Amino acid sequence: MTRDALRSARLSVRLAWTAAPLGCVTAALLMVVAGSTAAASAWLQRAVLDALAGTPPSGRAAPGTGGPDLIRGHVLVIAVALGGVGLVAAIVPYARRYIESELRRRLGLLVQDNVYRAINAFPGMSRFESPRFSDKLRLAQQVSSSTGSSFAGSVLGIGQAMITAVTLGIALYVISPAMAALVAATAVPAVWAQLRNSGRQADLAWRASPIARRQMFYARLLTDQAAAKEIRLFGLGDFLRERMLTDMRSVQSGQRALDRRLVRVEGLLSLLSSAISAAGLVWIIWQVARHQLPIGDVTMFVIAILGVQAAVSSAIASLAQLTQSMLLFSHYGDLVSIGPDLPLAAEPRPVPALREGIVLRDVWFRYDDGHPWVLRGLSMVIPPGAAVAVVGLNGAGKTTLVKLLCRFYDPARGSITWDGVDIREADPAELRQRIGTVFQDYMSYDLTAAENIGMGDLARLGDRDQIRDAAELAGADAAVSRLPRGYDTMLSRMFFGSADRDNPEVGVILSGGQWQRLALARGFMRADRDLLILDEPSSGLDAEAESAIHQQLRALRAGRTSLLISHRLSTVRDASIIYVIGGGLVTEQGTHEELMAADGEYHRLFTLQASGYQEGNHEDPAAFGRRPAPLPSTAGRSGAGSTTPGRRGA
Ligand code: ADP
C-alpha cells in the first residue's frame, strides 16, 4: 500500500509537471503565500496591540519605548502591513482557484489521453474479456474524470495547511513551547487514523469492485433500449431493480462500517483537541491577567491555536482525498505500464502480399487456462486466390478461428503462417492492414451512414465514390440514398422525438438487416485486401436478401483469397475448398461435390437442409449450428413436439 502510494505520488507529480510546469510553479508560490498569511496576520496583530498598549493616551511615550512620533510611525507601519496582508489574503484564493482549475483541466486531458492511448495499444482482446481488468480500467478511467482533478487540489490543500500549521505553530511556540508540543502531539494520531482509514477505504473499493460492476450492469440494463422489450414482456423490471439494490446495499454496508469507525476515532480526536485549546485559552487569559504576558499575546495565541487546529484538520481532509486519488492513480499507473497483452517481436517480420497462402498447423487454443480447449490441433490451408469456406456446429470454434487469423489471440500450441511468416513474429497492425473482415457481431456506430461504411478504411473515409461502391456491393446503396440526408444521415439506435427531425444531429433508426448491410459495406471497403474474412455475413437478412448477397459475394470472391463462414450450406457450395470443423479439429475437407460423395456429416446436413427448403421451410431448420429444440407441449396446442428455429445467426 505504502509502496503503491509512493509510486502513485511520484507518477502524479511527474504528470502534473508535464501537464503544466508553469502552473505548478505558480500554484506552489500561491500556496506558500496563502499558507503564510494567517501567521503573518497573527504576528502583526500582536505587534499592533503591544505597540498600542505601550503608548499612553496623552501621546507621551512609556519609559523605554521611544518618542510618541516614533511610536505612531511604528503603529502606522504595522497597520499598513496588516492591511496589505488582508489584501493579499483576499486576492490569493481567487488567483489560486483559477490556476488550480487550469492545472486540473490540463492534468485531466493528459491523463485521459494516456489512459486511452494505453488501451488502444493493446494488440489483443484478452484483457477486454477479463472482469478484473475491466474493474481496473474503470477505476483508471475515473482518474481522468475526477481524481486527476482532485489530486491537484488536495496536494495544494495539504501544502497550504502544512505551511499554515507550521508558521502558526512557531507563533504558538514563541508564547508557549509546551502548548505547541501538545497541539502537535494531537495532530499525529489524527493523521495516522486518517491514513489507516484511507487504506481501508482503498481495500474496500477494490474488494467491492465486482459487486459495483454487477450493480452498474443491472442499472444499464434497466435503461437499455435493446433490453427494454424483454424486460417489459417478461416483467423483469422489478426483479432487476431489486438485484441492483441488493448489490448497492452490500457495497454500502461496507462503507457504513468504515464510516462508523471513522466517526468514533475522529470524534474522539476532535474532542481532545478542543479540550486542549480550551485549556490553553484559560491559561493564557490567566497569564495576561497576572501581567505575566503582554495583552498582544492573547490575540496571537487565540489565532495560533485555533488556526493550527483548523489547518491540521484541513490537511487531514485533503490527505483523505489525496490517498483516495493515489489509489486510483495506482490503477492508472498499472494500466499505462502494463504493456501489450500479446508478445510483440522486437523486430517484427514484414507481412508480404499473400502469394503462398496461410497455413494453420496443429493449432491448439483456449480462451483461458481454466477454460476448455476450443481448438485441439486444427490444421488447414488457405491457398492464395481460393474461396475457402468453414462450416461447423454452433460453438465449434469458427469465430475463434477468425480471431486467431486476425491475431487477437495467439495459439497456445501450433502455428499460423502467412506466406511462411509466423504471424506471432509479425506486427499485428501490419497483418490487419492486409485483412478485410465482416464480423458476425459487427458494430453499429451512432454516426452518419457514410462514416459507418467509411470507417472500414479510414484512409478513404472521405472517398464518397468508394463508400457508395461498397454500399452498392452490400445492397445498401438504395436504402441509404433514401434516408433524409442520404449518406450524411446520422444513424442511431436511439429514438428521438419528432420535434428533433430538422436537427441534422438527430439520427434515424435502422432495422437489423439494414445495419447488417452497412457492416458488410464497411467490410467491403477493404475488398482489395489480401484476405477477406466473412463470418456469417448474411445471418440477419431475409432469405431473398441473403441469396442476393451471396450471389454478389460469389462474384467478389472469385480470384481473391477469402474465408467464408456460413451456417447455410447452400451458400458455400461454390467454395474452392470447404472445411468442416468439429471437436476442435477439421473433420472433413474438400469441394462440395467431394464432400457429398464422401457421404459424411456434410452430406447428411446438406441433405437435411435441402429437404427443409423443399418442404418450403425457409427458416432452414437443419442449418449448421442451430439444432432445433423441441417445443414443450402445451395443452390444447396442436402439433406439440414440432420444432422451432433458434435465433438467426448461429
Ligand atoms: P462458433 O463461431 O463456431 O459458433 P466460437 O468460436 O464463437 O464458435 O466459440 C467456440 C467456443 O469458445 C464456444 O464454446 C464458446 O463458448 C467459447 N468462447 C468463445 N468466445 C469466448 C471468450 N471470449 N471467452 C471464453 N470462451 C469463449
Side-chain angles (χ1 to χ4, degrees), residues 119 122-135 137 210 213 217 341-342 358 360 362-380 382 388-414 416 423 428 435 437-443 516 519-520 523 531-540 562-569 571-572 575 577-589 601-602 605-606 609 620-629 645-650:
I119 295 170
F122 300 154
M125 284 186 56
S126 55
R127 296 229 172 98
F128 296 101
E129 285 156 359
S130 147
R132 247 6 209 163
F133 188 78
S134 83
D135 288 340
L137 207 60
R213 177 163 21 93
F217 160 74
D341 52 343
L342 292 174
I358 300 162
L360 291 94
D362 190 27
V363 171
W364 286 73
F365 178 76
R366 58 180 164 185
Y367 281 92
D368 198 66
D369 287 348
H371 287 185
W373 290 104
V374 178
L375 302 182
R376 308 163 159 270
L378 178 136
S379 296
M380 70 166 63
I382 303 173
V388 174
V390 175
V391 296
L393 289 178
N394 222 348
K398 302 180 296 292
T399 299
T400 304
L401 183 67
V402 171
K403 293 195 247 179
L404 289 174
L405 282 169
C406 298
R407 207 187 163 204
F408 294 137
Y409 309 88
D410 281 335
R413 272 185 258 162
I416 302 174
I423 62 172
I435 302 177
T437 308
V438 177
F439 293 106
Q440 186 181 2
D441 51 348
Y442 55 82
M443 284 299 299
Q516 173 138 27
L520 266 172
L531 172 67
L532 184 62
I533 301 176
L534 303 152
D535 188 358
E536 298 285 4
S538 57
S539 57
S562 64
L563 181 77
L564 171 68
I565 292 173
S566 177
H567 66 271
R568 203 183 296 288
L569 300 190
T571 61
V572 303
I577 180 161
I578 301 166
Y579 290 102
V580 181
I581 64 173
L585 288 163
V586 171
T587 52
E588 291 172 37
Q589 69 183 72
E601 180 73 352
Y602 180 86
L605 286 162
F606 189 88
Q609 274 192 24
D620 194 3
F624 250 134
R626 294 192 296 118
R627 282 269 162 88
R647 198 171 63 87
R648 292 181 70 89

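Order of appearance sets the numbers: ligands from 1, and atoms from 1 within every ligand. Please read all numbers here as calculations on a predicted model, not as lab measurements.
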Can you tell which of Phe128, Tyr409, Tyr367 gets a heavy atom nearest to atom 26 (N) of ligand 1? Tyr367

Considering only heavy atoms, which of Gly582, Gly395, Ser126 lies nearest to atom 13 (C) of ligand 1? Gly395

Report yes or no: do Tyr367 and Thr400 form a side-chain donor-acceptor pair below 3.5 Å? yes

Any Gly392 heavy atom less than 4.0 Å from ligand 1: no

[X] side-chain N/O to [Y] backbone N/O, donor-acceptor pair under 3.5 Å:
{"X": "Lys398", "Y": "Val390", "result": "no"}
{"X": "Arg366", "Y": "Asp369", "result": "yes"}
{"X": "Asp535", "Y": "Thr399", "result": "no"}
{"X": "Thr587", "Y": "Val580", "result": "yes"}

Residue portion contacting ligand 1 (non-hydrogen atoms closer than 4.0 Å) for [X]:
{"X": "Glu129", "result": "side chain"}
{"X": "His371", "result": "side chain"}
{"X": "Asp535", "result": "neither"}
{"X": "Asn394", "result": "both"}

Give the numbers and elements of all ligand 1 atoms closer than 4.0 Å to a heavy atom of Lys398. 1 (P), 2 (O), 3 (O), 4 (O), 6 (O), 8 (O)

Quick check on contacts: which atoms of ligand 1 are under 4.0 angstrom from a heavy atom of Leu393? 3 (O)

Determine the minimum heavy-atom distance between His567 and Gln609, stating which atoms define it. O-NE2, 3.1 Å

Nearest heavy-atom pair of Leu375 and Ala396: which atoms, and what distance? CD2-O, 4.3 Å

Can you say whether the rings of Phe408 and Phe439 are parallel (under 30°), tilted (30 to 60°) or perpendicular (over 60°)? tilted

For the 3.5 Å polar cut-off, considering only N or O atoms, please tell me whether Val374 and ligand 1 meet it. no

So for ligand 1, is Thr400 a polar contact partner (N or O within less than 3.5 Å, distance only)? yes

